[in-house]
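A short write-up of the structure that comes next.
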There are 2 protein chains.
Amino acid sequence: MKLDDAAARLEALGNPTRLRIYRTLVRAGAEGMAVGKLQDRLDIAASTLSHHLKALVGVGLVTQTREGTTLICHTNYEIMRGLLEYMVEECCAESCAPAGIRLPKVA
Amino acid sequence: MKLDDAAARLEALGNPTRLRIYRTLVRAGAEGMAVGKLQDRLDIAASTLSHHLKALVGVGLVTQTREGTTLICHTNYEIMRGLLEYMVEECCAESCAPAGIRLPKVA
DNA sequence: ACGATATTTCGAATATTCTAGAAATACCGT
DNA sequence: ACGGTATTTCTAGAATATTCGAAATATCGT
């Protein structure tokens, strides 16, 4: 992952509203969560939610699949994993390693 | 770590210039790097660098120790580790875990 | 106290972000 | 095709971010 991509993804997560959105989607698990349900859950204006979702989708952290008239949102684990990898490898170096942070390779 | 703190730290890292600064400081290792050397290295205006450093210091990701007339900047590993922990625990859940991401406890 | 070097604060221009209401679009069931 | 529900786009205002030059402050050595 390039620095600019990492920065864009960190920026996307670096807003309390968007971090809440992302966290809620993670907790929704594999089935994801519809935009409407997210709106009920987070109690924000539909247009605001759409705006923030667009930002998260734009950097690849969230994907959407349409199911009839509702849009289901999912977190993209690979992107998040890549971001964590970047942070550990590029921004921790021998710094976090002694602290015990490891990102084992996936089999 | 609270969501708002995590968001503030992610936002601090979510700017290409600040991410470059942080990454450079990480690579500088335990001895850290003076503001002036950072400026030479990154080739940005002193006032701009100072502005961004303030943001990083403000969220605890960077600390500074004065040594005569020069200011040495260090990354704060504990804060970064806390942030990574937050991301893995709150924003990965059972999502990144199967992908192999682990943050073992420090002994 | 002075001069030199290091860094921050101030001021300002430009750009971007955040929020949300209103209008528009998308999709389904009938 | 129509009506209803779901979501996005448009628009706009207020707030915040980014950048950098100029001026101010801090620290040291003499």
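Convention: sequence-line order gives letters A, B, ...; per-chain numbering from 1.
The residue A:T70 sits close only to the backbone: its heavy atoms come under 4.0 Å of sugar-phosphate atoms, none of a base.
Distance alone, capped at 3.5 Å, places no donor-acceptor pair between the A:T48 side chain and the A:I44 backbone. With hydrogens and angles disregarded, a donor-acceptor distance shorter than 3.5 Å links the side chain of A:R18 to the backbone of A:A12.
Protein atom CZ of A:R66 is 8 Å distant from nucleotide atom P of D:dT7, rounded to whole Å. Distance B:Q39 CD to C:dA6 P: 10 Å, rounded to the nearest Å. Put simply, CG on B:L38 is 13 Å from C1' on C:dA6, counting in whole angstrom units. Here the C1' atom of nucleotide C:dC27 and the CD atom of A:E67 are 13 Å apart, to the nearest Å. In this structure, the CG atom of B:L53 is 15 Å from the C1' atom of D:dC20, given to the nearest Å. Atom NZ of A:K54 and atom P of D:dA6 are 22 Å apart (whole Å). Following rounding to the nearest Å, A:M33 (CE) and D:dA6 (P) show an atom-to-atom distance of 15 Å. Between A:H52 atom NE2 and C:dC18 atom C1' the separation is 6 Å, expressed in whole Å.
Along DNA chain D, the nucleotide nearest A:T69 and the nucleotide nearest A:H51 are compared for position; the residue whose nucleotide lies closer to the 5' end is A:T69.
Scanning both residues, B:N15 and A:A7, for their nearest heavy atoms gives C-CB, 4.0 Å.
Cluster annotation: B:V57 is not connected to B:I72 through the hydrophobic network of ILVMFWY side chains, with a link wherever side-chain heavy atoms come within less than 4.5 Å.
Listed pair B:N15 / D:dA17 fails the phosphate criterion, with no side-chain N or O lying under 4.0 Å from OP1 or OP2. The phosphate of D:dT8 has OP1 or OP2 within less than 4.0 Å of a side-chain N or O from A:S50. Under 4.0 angstrom from either OP1 or OP2 of D:dT7 there lies no side-chain N or O belonging to A:S47.
With a 4.5 Å cut-off on side-chain heavy atoms, A:M87 and B:L13 count as touching.
Of the candidates C:dT8, C:dT19, D:dT27, the closest approach to any side-chain atom of B:L71 belongs to C:dT8.
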